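Worksheet for the structure shown next.
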Amino acid sequence: MDPVDKEVAGAALLADYQAGASIRELATRYSFSIGRTRRLLVDAGVEFRPRGGGPRTQRSGSTSARP
């Protein structure tokens, strides 16, 4: 992949990652390995989210009660 293609791919990956997509989802969507996806994100200047997603919150309108 030439430098221009890397920059374009990195920008697209970064925008999708910042919109909430996971690295695994991006790798599948763009047909890259997880390692390449991560490297392109790093090169694009990503600030990674913590692993495992954020804390779970109760959805509004949920009927499940917690003690």
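Everything numeric in this text was worked out from a predicted model, so none of it was measured. All residue numbers in this chain count up from 1 along the given sequence. Hydrogens, waters and symmetry mates are skipped; everything else that's a heavy atom, side chains included, is used.
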Using the rule that two of Ile, Leu, Val, Met, Phe, Trp, Tyr join whenever any of their side-chain heavy atoms come within less than 4.5 Å, decide whether Val46 and Val8 are in one cluster.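 Different hydrophobic clusters.
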
What is the distance from atom [atom1] of [X] to atom [atom2] of [Y], rounded to the nearest 0.5 Å?
X     : Y     : atom1 : atom2 : value
Lys6  : Leu13 : NZ    : CG    : 13.0 Å
Arg36 : Leu41 : CZ    : CG    : 12.5 Å
Asp2  : Glu7  : CG    : CD    : 10.5 Å

Please report the shortest heavy-atom distance between Leu14 and Ala44, naming the atom on each side.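 So the minimum-distance heavy-atom pair works out to CD2-O, 3.5 Å.
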
Side-chain donor-acceptor contacts of residues 25-32 below 3.5 Å, not counting sequence neighbours, with atom names and distances?
from: Glu25; atom 1: OE1; to: Ser22; atom 2: N; distance (Å): 2.8
from: Thr28; atom 1: OG1; to: Arg24; atom 2: O; distance (Å): 3.2
from: Arg29; atom 1: NH1; to: Asp16; atom 2: OD2; distance (Å): 3.1
from: Tyr30; atom 1: OH; to: Asp16; atom 2: OD2; distance (Å): 2.6

For residues Thr37 and Tyr17, determine if any side-chain heavy atom of one lies less than 4.5 Å from a side-chain heavy atom of the other.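 Result no, sub-4.5 Å side-chain heavy-atom pair not found.
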
